> 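Mind looking over this structure? Questions follow.
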2 protein chains.
Amino acid sequence: MIDPTARKPPYLQVADILAERIKAGQYPKDSRIPTESELVEEFEIGRNTARRAVEVLRERGLVETVPTRGSYVL
Amino acid sequence: MIDPTARKPPYLQVADILAERIKAGQYPKDSRIPTESELVEEFEIGRNTARRAVEVLRERGLVETVPTRGSYVL
DNA sequence: CTGTATTTGTTCGTATGTATT
DNA sequence: AAATACATACGAACAAATACA
């Protein structure tokens with residue numbers, strides 16, 4: 001799924017995949033995207049990398065993160 | 001704040017600035033100095049450079065670093 | 001009310017790759 | 001060649017808040 005050798009770093013690859021899913025309606029508005037742990041498992045990445053990916057989605061205004069809850073599609 | 005072109009490398013410049021602050025009592029004994037991330041932001045340097053700066057303070061016996069906690073003034 | 005599980009927040013440790021001087 | 005610097009990544013540990021049985 002993720003290519004660690006690609007020019008695009010893993011955290012961006014993951015962010016883009018998640019953004020695609022949001023755009024496609026796979027994660028509907030107000031729904032919660034996968035937790036950091038789930039992203040770690042699905043994409044076989046470290047937690048920090050998962051966090052960075054979600055951070056990108058926040059910066060893009062795609063999700064909102066609620067501590068102890070998760071990140072929700074806007 | 002930091003001059004990347006100076007003869008003194010950034011990590012030493014940062015270390016010296018922090019040492020000054022400790023000496024001046026800006027960071028009192030037993031208090032925590034800024035985290036690596038905070039140093040990255042304040043001085044606009046990379047994380048490795050921030051780490052190097054703190055390493056210098058350790059070598060000078062000015063601080064003690066506790067994994068997952070931070071570095072504390074001695 | 002109490003304990004446990006879940007989830008994000010924070011922070012340092014370590015390593016790799018690339019670029020510049 | 002060596003030192004310096006930055007970006008990226010994974011690991012580990014602990015805190016804090018929330019949810020739930």
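Order of the sequence lines sets the chain letters (A, B, ...), proteins ahead of strands, with each chain counted from 1. Keep in mind that the numbers below use all heavy atoms, side chains included, and drop hydrogens, waters and symmetry copies. This structure is a prediction, so every number in the text was calculated from the model and none was measured.
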> Rounded to whole Å, please give me the gap between CD in A/E38 and P in C/dT8.
8 Å
> Could you tell me the separation between the CZ atom of A/R51 and the P atom of C/dT7, rounded to a whole number of Å?
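So the two atoms are 14 Å apart, to the nearest Å.
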> Heavy-atom distance under 4.5 Å between the side chains of A/V54 and A/T65, does that happen here?
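Sidechains of A/T65 and A/V54: in contact.
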> At less than 4.0 Å, is any side-chain N or O atom of A/Y11 found next to OP1 or OP2 of D/dT8? Yes or no.
yes
> Over how many whole Å does the gap from B/E36 atom CD to D/dA7 atom C1' extend?
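It works out to 15 Å between those atoms.
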> By nearest nucleotide on DNA chain D, pick out whichever of A/P10 and B/L12 is the more 5' one.
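Comparing both residues, the 5'-ward one is B/L12.
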> Could you tell me how far apart A/K8 (NZ) and C/dT18 (P) are, to the nearest whole angstrom?
19 Å
> Using a heavy-atom cut-off of under 4.0 Å over every strand shown, decide if B/R52 touches base, sugar-phosphate, or nothing.
sugar-phosphate
> With rounding to the nearest 0.5 angstrom, report the CD1 to CZ distance, A/I45 to A/R52.
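Answer for the CD1-CZ pair, A/I45 versus A/R52, is 11.5 Å.
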> Tell me the partner of D/dA1, counting only Watson-Crick (N1-N3 plus N6-O4 or O6-N4) or G-U wobble (N1-O2 and O6-N3) with both under 3.5 Å; none if nothing fits.
none
> Does a side-chain heavy-atom distance below 4.5 Å link A/R51 with A/E55?
no
> Kindly indicate whether the side chain of B/Q13, heavy atoms from C-beta on, has any atom under 4.5 Å from the side chain of B/D3.
yes
> Please tell me if the side chains of B/L18 and B/L39 come closer than 4.5 Å, counting only heavy atoms from C-beta onward.
yes
> Does a nitrogen or oxygen in the side chain of B/R32 sit under 4.0 Å from OP1 or OP2 of C/dT11?
yes
> From CD of B/E55 over to P of C/dT11, roughly how many Å is that when rounded to an integer?
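So the CD-P distance, B/E55 to C/dT11, works out to 20 Å.
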> Under a 4.0 Å threshold between the charged nitrogen and the carboxylate oxygen, would A/K23 count as salt-bridged to A/D16?
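Salt bridge: no.
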> Quickly work out the A/Y72 OH to C/dT8 C1' distance and round it to whole Å.
11 Å
> What nucleic acid atoms does B/V66 come within less than 4.0 Å of, heavy atoms only: base, sugar-phosphate, or nothing?
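Sugar-phosphate contact only.
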> Once rounded to the nearest 0.5 Å, what's the spacing between atom OH of A/Y27 and atom CG of A/L62?
12.5 Å
> Reading nucleotides 11-21 of chain D from the 5' end, what letters show protein touch, with B for base, S for backbone sugar-phosphate only, - for no heavy atom under 4.0 Å?
BBBSS-BSS--
> Side chain of A/P9 only, please: which of C/dG13, D/dT8, C/dG9 is the nearest?
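Given the options C/dG13, D/dT8, C/dG9, the side chain of A/P9 is closest to D/dT8.
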